[in-house]
Amino acid sequence: MELAMTHQPTDVLPDTEVRQLGRFVSRTDHRTMSEEARMELKKRILDTIGVAIGALGGEPIRMIREHLDDFGGNGLCTLIGGGKTAPDRAAFYNGALSRYLDFMDSYLAKGETCHQSDNFGAVLAAAEYADAGGGDFLSAMAAAYQVQGRLCDLAPVRAKGFDHTVQGAYASAAGVSRALGLDAEKTANAIAISGTCNNALRCTRTGALSHWKGLAYPNTAFVGTHAAFLAYRGITGPEEVFEGNKGFKDAIAGDFQIDWSQEDLENVKKSIIKKYNAEIHSQSSIEGALELQEQHGFGWDEIEHIGIDIFDVAFHIIGGGEEGDKTIIRTKEEADHSLQYMVGVALIDGNVLPAQYEPDRIVRNDIQGLLRRFTVKPKQEYTDRFPDEVCTDLAITLKDGTVHRITKTDYEGFSTRPMSWDTVISKFIGLSADFTSDRTRKAIIDAVQNVEQMRARDFTAILSNLDV
């Protein structure tokens with residue numbers, strides 16, 4: 001009896017929310033996107049690749065590569081920079097590359113922040129495995145962006161003590177399923193498996209931060225990829241993962257409604273490309289501090305005090321609120337989640353790039369002393385205007401008593417001031433130059449801009465041989 005029920009046609013089974021989502025994902029097609037959304041997605045793909053290549057020398061990346069070499073794996077999918085492994089392990093490694101520098105795109109919802117480009121490694125591996133066309137790869141990326149963004153909009157989990165990778169469990173499985181070309185029922189099973197087993201704790205990003213901050217989503221993508229391949233083989237998952245007894249709504253998120261039959265693929269236009277190598281909520285403050293310094297010409301060593309009033313999400317995550325003191329900075333993971341460090345080092349060095357997170361830079365006396373001169377406070381008006389604006393007031397008091405002030409509501413790269421192709425390309429070149437030849441950089445740029453005309457395997461071949 002149970003076996004017969006398991007294999008009933010989809011149309012006689014309860015039309016659960018995960019089945020509705022499965023239908024949406026399986027039919028996604030990049031050709032239904034607006035031209036603006038398609039171009040913005042391509043910008044983010046190029047941006048993600050640049051960030052991934054720029055991370056090739058990272059300490060945890062070397063550890064993960066040693067781990068993969070030791071464990072092995074059927075060499076079906078490409079590792080950025082060379083080598084091959086099994087699809088789920090490629091998803092983890094390439095995801096770790098794109099996440100490690102914390103320079104990838106971001107998405108701001110009222111109660112949640114995520115990074116939709118975290119799905120890139122998993123979708124790329126699945127597309128290569130399936131020998132998918134570039135159009136299917138683009139469609140799969142668009143599906144992952146849409147699913148993750150909409151769940152963050154309507155089902156935030158941070159206040160409940162869970163990490164934003166929880167929504168990513170659904171998005172990664174969705175993107176991989178679309179790249180594999182799974183039908184609606186198998187897609188629903190993949191999403192159900194991943195969503196049920198993939199619920200991470202927010203302590204990843206609170207207190208003293210560890211390598212896991214940059215590896216939590218790659219692990220989510222690893223599990224999401226594994227779940228999709230299980231569904232590909234015929235494994236089923238909990239059909240009421242969203243609305244059922246002890247399901248996502250009941251146990252974690254609370255009630256919410258998304259009519260997946262009415263969703264499109266335009267969410268990518270709301271995501272944000274980072275101008276600075278810094279946590280997303282800090283971007284307007286960094287830009288404002290540098291504008292003040294350029295306008296008035298003061299040096300960092302003339303500063304007596306820096307006051308920042310900002311929206312509550314920024315205060316709690318990076319400003320010293322509920323997620324811990326942000327003036328005790330010893331590691332990269334702590335530095336790139338400290339508003340005080342990021343603004344301070346920008347005023348000293350003139351920018352915030354990967355070099356600002358080198359161990360000897362973090363512990364230098366100049367920044368360690370400046371960290372103690374900050375006061376960060378939440379401002380209700382700015383909280384009310386978030387996420388449509390990322391408002392911040394900066395007041396920099398000099399030792400002679402002069403006070404310089406600036407108010408910012410956005411920054412270059414925010415949805416109100418989209419980053420141009422030329423700026424994205426410049427960022428890509430700057431991050432990848434040490435690891436690639438001129439010829440390879442041009443090939444990657446051309447491949448992303450014309451990805452619909454390529455096979456996924458041809459695309460990954462370019463990412464494998466970076467010095468060519």
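In this structure, the side chain of S284 does not engage the main chain of H281 through any donor-acceptor pair within 3.5 Å. With hydrogens and angles ignored, the 3.5 Å screen pairs no side-chain donor or acceptor of S338 with any backbone N or O of E334. No donor-acceptor pair closer than 3.5 Å links the side chain of R99 to the backbone N or O of G214. With K326 contributing its side chain and G321 its backbone, the two residues share no donor-acceptor pair below 3.5 Å. S106 contributes no side-chain N or O that, together with a main-chain N or O of I280, makes up a donor-acceptor pair within less than 3.5 Å. Judged purely by atom type and a 3.5 angstrom limit, R441 uses its side chain to pair as donor or acceptor with the backbone of T436. In terms of modelled atom types and a separation under 3.5 Å, the side chain of R23 and the main chain of A188 share no donor-acceptor contact. Panel note: side chain R89, backbone G72; a donor-acceptor pair is recorded below 3.5 Å. Judged by distance alone, with hydrogens and angles left aside, the side-chain atoms of E266 form a donor-acceptor pair with the main-chain N or O of S34 at under 3.5 Å. Side chain of S432 to main chain of G54: no donor-acceptor pair is present (N/O by atom type, distance under 3.5 Å, no hydrogens or angles).
Of all non-hydrogen atoms in A228 and L182, the two that sit nearest each other are O-CD1, 3.8 Å. Between Q20 and D15, the shortest heavy-atom contact is NE2-O, 3.1 Å. In this structure, D88 and H226 approach most closely via the heavy-atom pair OD2-ND1, 3.9 Å. Nearest heavy-atom pair, S210 versus E333, reported as atom, atom and distance to 0.1 Å: O-CG, 3.0 Å. Here the closest heavy-atom approach between residue I272 and residue S415 is recorded as CG1-N, 4.4 Å. Nearest approach of E279 to I318, heavy atoms of both residues: OE1-CD1, 3.4 Å.
Checked by atom type, the side-chain pair D410/T416 shows a donor-acceptor distance below 3.5 Å. A side-chain donor from one of Y217 and N119 sits under 3.5 Å from a side-chain acceptor of the other. Residues D384 and Q380 bring a donor and an acceptor atom of their side chains to less than 3.5 Å of each other. Side chain to side chain, D422 and S420 fail the donor-acceptor criterion of an N or O pair below 3.5 Å. For R178 and T187, the side-chain atoms include no donor-acceptor pair closer than 3.5 Å. For T423 and S426, the side-chain atoms include no donor-acceptor pair closer than 3.5 Å. For the residue pair T113/H164, the side-chain donor-acceptor check at 3.5 Å is not satisfied. For the 3.5 Å distance criterion, the side chains of T78 and S464 fail to qualify, holding no donor opposite an acceptor.
Residues F311 and F386 place their aromatic rings such that the two centres sit under 6.0 Å apart. The distance between the ring centers of F229 and Y129 falls below 6.0 angstrom.
Between L201 and D163, the closest side-chain pair of non-hydrogen atoms is not below 4.5 Å. Inter-residue side-chain proximity for V343 and Y276 is flagged as unmet; no heavy-atom pair is nearer than 4.5 Å. Proximity of S117 to S98: side-chain heavy atoms (C-beta onward) are nowhere separated by under 4.5 Å. Between L265 and H30 there is no side-chain heavy-atom pair separated by less than 4.5 Å. The shortest distance between side-chain heavy atoms of D309 and T392 does not fall below 4.5 Å.
Between D105 and K43 no salt bridge is recorded (no basic side-chain N to carboxylate O distance below 4.0 Å). Residues K249 and E17 are paired through a salt bridge, judged by an N-O separation under 4.0 Å between the basic side chain and the carboxylate. Note on R385 versus E381: salt bridge recorded, some NZ/NE/NH1/NH2 to OD/OE distance being below 4.0 Å. Salt-bridge check for K84 with E128: passed, with a basic side-chain N closer than 4.0 Å to an acidic carboxylate O. Taking a cutoff of 4.0 Å between a charged side-chain nitrogen and a carboxylate oxygen, K275 and E287 qualify as a salt bridge. K274 and D102 are joined by a salt bridge, as a carboxylate oxygen and a charged side-chain nitrogen come within less than 4.0 angstrom of each other.
Tested against F120 for a side chain to side chain contact (heavy atoms under 4.5 Å, CB included), the candidates L97, I45, D47, V51 yield a single pass: I45. When each of F248, F24, W260 is tested with Y170 by the rule ring pair (Phe, Tyr, Trp, His ring centres under 6.0 Å), just one qualifies, namely F248.
Sequence neighbours left out, the pairs with a member in residues 310-325 that pass salt bridge (charged side-chain N to carboxylate O under 4.0 Å, His left out) are R202-E323. Note on residues 444-457: pairs passing salt bridge (charged side-chain N to carboxylate O under 4.0 Å, His left out), not counting sequence neighbours, are K42-E452, D131-R455, D131-R457, K442-D446.
Other residues, nucleotides and ligands place more than 12 heavy atoms under 6.0 Å from the NZ atom of K379. A 6.0 Å sphere centred on CD of E35 holds more than 12 heavy atoms belonging to other residues, nucleotides or ligands.
A cation-pi contact, defined as under 6.0 Å to the ring centre and within 45° of the axis, is absent between K269 and Y145. Judged by the 6.0 Å distance and 45° axis criteria, R65 is positioned over the aromatic ring of Y93.
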Decide yes or no on side chain to side chain donor-acceptor pair (under 3.5 Å) for N267 and Y107, but give the supporting numbers first.
CA-CA 9 Å; N267 185 266; Y107 184 79; 3.0 Å; yes
Criterion side-chain contact (heavy atoms from CB on, under 4.5 Å) on Y382 and I310, from CA distance to verdict:
CA-CA 6 Å; Y382 292 172; I310 202 163; 5.7 Å; no
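For the side-chain hydrogen bond (donor to acceptor under 3.5 Å, both in side chains) test, residues two or more places apart in sequence or in another chain that qualify with E263 are Q146, R150.
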